[in-house]
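Worksheet for the structure shown next.
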Amino acid sequence: MSLSLYALDRREEADAAFQHLMETYPDEGPFQNAEIYAFRGEIDNAFRLLERAYEIRDNGVTELLTSQFLIPLHGDPRWRVFLNKVGAPLPPT
């Protein structure tokens with residue numbers, strides 16, 4: 001819901017929905033929450049939650065290379081570092 005509201009430029013509602021999600025399920029779905037942060041352009045938070053997803057072995061990490069929501073992270077130098085860390089193939093430079 002948060003992504004849809006954000007895409008519709010209903011930022012206040014998107015923020016409230018995402019805040020509710022994070023407060024209600026603080027330890028659930030760090031990978032999916034990283035996708036939301038990346039989509040919103042909150043790159044530092046996205047990487048923070050990707051690290052958390054890796055630490056707890058969140059199954060979402062298997063979608064790392066195919067998630068369209070993570071595309072905003074691809075230009076960040078931390079992206080290649082994270083791919084290497086999780087053993088994912090590195091894209092050509």
Check your understanding: Does the side chain of Asp9 reach to within under 4.5 Å of the side chain of Arg11, using non-hydrogen atoms?
Key -> yes
Practice item. Could you tell me whether the side chain of Asn33 reaches within less than 4.5 Å of the side chain of Arg48, counting heavy atoms only? Key: no
Check your understanding: Do Arg80 side-chain atoms and Pro91 backbone N/O form a donor-acceptor pair below 3.5 Å?
Key -> yes
For residues 56-63, please give each side-chain donor-acceptor pair under 3.5 Å, one per line with the distance, not counting sequence neighbours.
{"residue": "Asp58", "atom": "OD1", "partner": "Gly60", "partner atom": "N", "Å": "2.7"}
{"residue": "Asp58", "atom": "OD2", "partner": "Phe31", "partner atom": "N", "Å": "3.1"}
{"residue": "Thr62", "atom": "OG1", "partner": "Asn59", "partner atom": "O", "Å": "2.7"}

**Study point:** Neighbour count above 12 (heavy atom, 6.0 Å) for His20 NE2
**Key:** no
Exercise for review: Using a cut-off of 6.0 Å, state whether more than 12 heavy atoms not belonging to Glu55 lie near its atom CD.
Suggested key: yes
Working to the nearest 0.5 angstrom, can you tell me the gap between [X] [atom1] and [Y] [atom2]?
X	Y	atom1	atom2	value
Phe82	Leu64	CZ	CG	6.0 Å
Leu83	Arg78	CG	CZ	13.0 Å
Asp44	Leu49	CG	CG	11.5 Å

Exercise for review: Check ring-ring contact (aromatic ring centres under 6.0 Å, His included) between Phe18 and all other residues, then give those that pass, not counting sequence neighbours.
Suggested key: Tyr37
Check your understanding: Arg40 and Asp15: side chain to side chain contact (heavy atoms under 4.5 Å, CB included), yes or no, with the steps?
Key -> CA-CA 10 Å; Arg40 294 167 58 107; Asp15 291 345; 2.4 Å; yes
Joint cluster assignment, [X] & [Y], ILVMFWY side-chain distance < 4.5 Å:
X	Y	answer
Phe39	Ile43	no
Leu70	Phe47	yes
Phe69	Leu21	yes
Leu65	Val86	yes

**Study point:** Shortest non-hydrogen separation from Pro72 to Ala38 and the atoms involved
**Key:** CG-O, 3.4 Å
